[in-house]
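Note sheet for the following structure.
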2 protein chains.
Amino acid sequence: MRRAAGCGTIANQAMPMFTHNVLRNRSAELSEAERLLLESAISHTQTFRAGETVVRQGVPVDISTLLVQGLMTRHVDAHDGRRHLVAVHLPGDFVDLHAYALKQLDHEVGALSDITVAVFRHAELERIQLQDMQLTRRLWFLTLLDAAMHRQWICRLASLNALQRVAHFLCEMNARLLAIDASDGHSFALPMTQADIGEVCGLTNVHVNRVLRQLREMGLCQMRAAQVQIHDLPGLAATALFDPEYLYLNRRIAMRATAPSGVPHD
Amino acid sequence: MRRAAGCGTIANQAMPMFTHNVLRNRSAELSEAERLLLESAISHTQTFRAGETVVRQGVPVDISTLLVQGLMTRHVDAHDGRRHLVAVHLPGDFVDLHAYALKQLDHEVGALSDITVAVFRHAELERIQLQDMQLTRRLWFLTLLDAAMHRQWICRLASLNALQRVAHFLCEMNARLLAIDASDGHSFALPMTQADIGEVCGLTNVHVNRVLRQLREMGLCQMRAAQVQIHDLPGLAATALFDPEYLYLNRRIAMRATAPSGVPHD
DNA sequence: CGTGAATTTGAGAGCCATCAATCTAAGTGG
DNA sequence: CCACTTAGATTGATGGCTCTCAAATTCACG
């Protein structure tokens, strides 16, 4: 079910400050009462190491996880042993909220880096659904954001070439990381290998490498040691035909991780 | 907002029998009370002609539509005028239920054939959300099915070649149509051109044509005049590496269209 | 029977996968 | 401190799949 190896669990009462702050409202869309209600539904936090599987395809689950720290993937294991990423999740994403309604997933959920997640039991989510219709709708909305992102990934695969796909993915990561202050708009950490990016973009690691070189030679961006540097964001976006509209960034409920010390951002 | 040209509207009280039957429970998952509640939320029905746009990208909407008859698409208009399908909907699908939470879509919704839809005002859906938590969760589940299908489409584009993609799409259509008794497992109507299939599979119409010929020569299936004939379903599924699991068919809420007269087909 | 849409077929080019080898960086243990 | 190991990045050569362009043919329909 859930791998125990290398995982840590922290009981609710011992939850550190940074978990408490995960649900802090950023865009003034979550009311104080909603935030408290959501926080009260957290069962505990848990850690996983990079590469570990968090939820397996087809195994019934009765909890959902909110990503607090690190990066997570959702991926499908293909016939021939290869896998394909269908989503990448950042801190603040309610990663498998949809498990609440699906009960069993059609894909795997894994840790891309070392991660910390907050765990919600479905019984608690039911309580929310009974108590707060508005918040329920917001949570519903969150699962629909995933679908919107899926649609964009479909278009990326269907209509863009290799160069555009990789550029598009980097633009998406930059925009999403920017929204949680994990990018300054020009540089951000991306703990993915070139092979990982290939699994996102439907390309081989070899070709991802060639494409990255091309992007570098075009003076658009650079990737070294899991660090992305964007030299020409407008140029990159133009190459990728990137339109951030689909991210619904202006309507997102901010549920992001902040520093353990509780230092206010900005 | 919604094109009026060629559209027909029928008030709730005048709703014909076939609309009443749309929500008929098939897999005994919808209780009688739930079915009645859902039916009571229908504002009216409306018709569109093949090719018409039902919901435009970015335009605020306050209604959601359930497809009663015909086929609908959800597609994104690409930069260069081409478009890409991200979903195909069959009778019984709650096509843009997600508009309830999103309020404005990131894609277009259109009619693939002449269609009839049942219209739900969002105010009525709010009423449901207040009254019936279980039904609300079922509706939530429906939107998650769309996301599951999106994920499968991502994998199809990322990991299959042209032959496999087309075979996979035909398998999906067959399985879904079978579930609503619109396929006998070997033959079904599919009102799509080869160019449409290309927009689903990320291929040119020319190549779709070659692939269909190959499938025909392999003795797997045949497509003529918007009619698909499957000669070797196991072979087709094997070619496509098709696993119907992702459709969650066993857990679907059946909301299917039946013939106006109530006459069983076949 | 004419018209336009859809299908079908051919030729050539380009993008990307595959296979293979080398190189780099980061551990790990002696 | 260095040899060894391993994962990841890099580069080259080759081939195949699919696109593009173009033209012919069939089909649906008025």
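Chain letters run A, B, ... following the sequence lines, proteins first, then strands; residues in each count from 1.
The CD-P distance, from A:Q164 to C:dC15, rounds to 11 Å in whole Å. A:E217 places its CD atom 8 Å from the P atom of D:dT11, with the value rounded to the nearest Å. What separates CD1 of A:I197 from P of D:dT10 is a distance of 11 Å, to the nearest Å. Atom C1' of nucleotide C:dT24 and atom CD of A:Q194 are separated by 12 Å, given to the nearest angstrom. A straight line from CG of A:D196 to P of D:dA7 spans 14 Å, rounded to a whole angstrom.
As judged by a 4.0 angstrom heavy-atom cut-off over every strand, A:T204 is placed among the base-contacting residues. Among the atoms of the strands shown, none is found under 4.0 Å from any heavy atom of A:N205. If you check every strand for non-hydrogen atoms under 4.0 Å, B:L203 touches sugar and phosphate atoms only. Counting non-hydrogen atoms under 4.0 angstrom, A:G202 reaches the backbone sugars and phosphates but no base.
Picking from C:dC16, C:dA20, D:dA22 the nucleotide with the shortest atom distance to the side chain of B:V206 gives D:dA22. Distance from the side chain of A:A162 is smallest to C:dC16 among D:dA9, C:dC16, C:dG10. Among D:dT18, C:dT9, D:dA28, the nucleotide with an atom closest to any side-chain atom of B:H207 is D:dT18. The listed nucleotides are D:dC19, D:dG12, C:dT9; the one nearest the side chain of A:R210 is D:dG12.
A salt bridge is absent between B:D106 and B:R74: the closest approach of a Lys/Arg side-chain nitrogen to an acidic carboxylate oxygen does not fall below 4.0 angstrom. Between A:R176 and A:D93 a salt bridge is recorded (basic side-chain N to carboxylate O distance below 4.0 Å).
Side-chain atoms of A:S187 and A:D184 form no donor-acceptor pair, as typed in the model, at a separation below 3.5 Å. Side-chain contact annotation: A:N209 with A:Q194, donor-acceptor N/O pair under 3.5 Å present. No donor-acceptor contact under 3.5 angstrom links the side chains of B:R156 and A:H84, judged on distance only.
Regarding contacts with the backbone of D:dT10, every side-chain N or O of A:R213 stays at 4.0 angstrom or more from both OP1 and OP2. In terms of phosphate contacts, A:N209 brings a side-chain nitrogen or oxygen within less than 4.0 Å of OP1 or OP2 of D:dT10.
Taking the C1' atoms of five terminal pairs at each end of the helix from C:dC1-D:dG30 to C:dG30-D:dC1, the two resulting helix axes are inclined by 40°, rounded to 10°.
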